[in-house]
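So the structure is just underneath, and the comments pick up after that.
Given the structure is predicted, the values throughout are model-derived calculations rather than measurements. Quick note: residue numbers are just sequence positions, from 1.
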Amino acid sequence: MEMGLSKSQAHYIKAVYELSVEKTVVRICDIAERLNFSKASASTAITKLEQMGLMYKDAERHVYLTAEGEKEAIGVMDKYAMIHGFLVD
């Protein structure tokens, strides 16, 4: 979490990354469902992450990670994997 992301922001970044691997497009409702939040909460969080330059939405409101957002997502995933490995092994 190089940019000093909050835990919640890290969860959103991770969710968008994972969903983008699973689906051809990622929508706010997909993110909200994945994280068990309301669509309004997810939309607010995504807007903030857009302002930070980590995500963007196209004309159809599909959500994408920017190159910087993808770097952050990979960093978050690496940290989760390291912590999981420590706790499980």
Is [Y] close to [X] at the side-chain level, that is, under 4.5 Å between some pair of heavy atoms?
X   : Y   : result
E33 : K39 : no
M55 : Y64 : no
Y17 : Y12 : no
H62 : V26 : no
D30 : K23 : yes
L54 : L5  : yes

I28 versus R61, closest heavy-atom pair with distance: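 Shortest heavy-atom contact: CG1-NH2, 4.4 Å.
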Inset, instruction - Quick one: do M52 and E68 satisfy side chain to side chain contact (heavy atoms under 4.5 Å, CB included)? Show the steps, please. - result: CA-CA 10 Å; M52 294 171 70; E68 186 63 31; over 6 Å; no
Quiz prompt | Pairwise distance CD(E70) to CD(E72) - rounded to 0.5 angstrom | solution =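 The CD atom of E72 is 11.5 Å from CD of E70, to the nearest 0.5 Å.
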So, taking the atom named CD1 in I46 and the one named CD in Q9, what distance separates them when rounded to the nearest 0.5 Å?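 Reported to 0.5 Å precision, the distance equals 10.0 Å.
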- Item | By side-chain hydrogen bond (donor to acceptor under 3.5 Å, both in side chains) - contacts of S38 (at least two apart) |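 In terms of side-chain hydrogen bond (donor to acceptor under 3.5 Å, both in side chains), with neighbours along the sequence ignored, S38 is linked to S41.
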**Asked** Which pairs pass side chain to side chain donor-acceptor pair (under 3.5 Å) with one or both residues in residues 42-56, sequence neighbours excluded?
**Response**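 Passing the test, one end in residues 42-56: E50-K57.
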Worksheet item: Are I13 and V21 connected in a single hydrophobic cluster, I mean Ile/Leu/Val/Met/Phe/Trp/Tyr linked by side-chain heavy atoms less than 4.5 Å apart?
Response: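 Looking at the clustering, I13 is in the same group as V21.
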- State plainly whether one hydrophobic cluster holds both I74 and L19, where clusters connect Ile, Leu, Val, Met, Phe, Trp and Tyr through side-chain heavy atoms under 4.5 angstrom apart.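 The answer is yes; both residues are in one hydrophobic cluster.
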>> Once salt bridge (Lys or Arg N to Asp or Glu O under 4.0 Å) is applied, do any residues pair with R34, and if so which ones, sequence neighbours excluded?
In response: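 With sequence neighbours excluded, R34 shows a salt bridge (Lys or Arg N to Asp or Glu O under 4.0 Å) to E18, E22, given in chain and number order.
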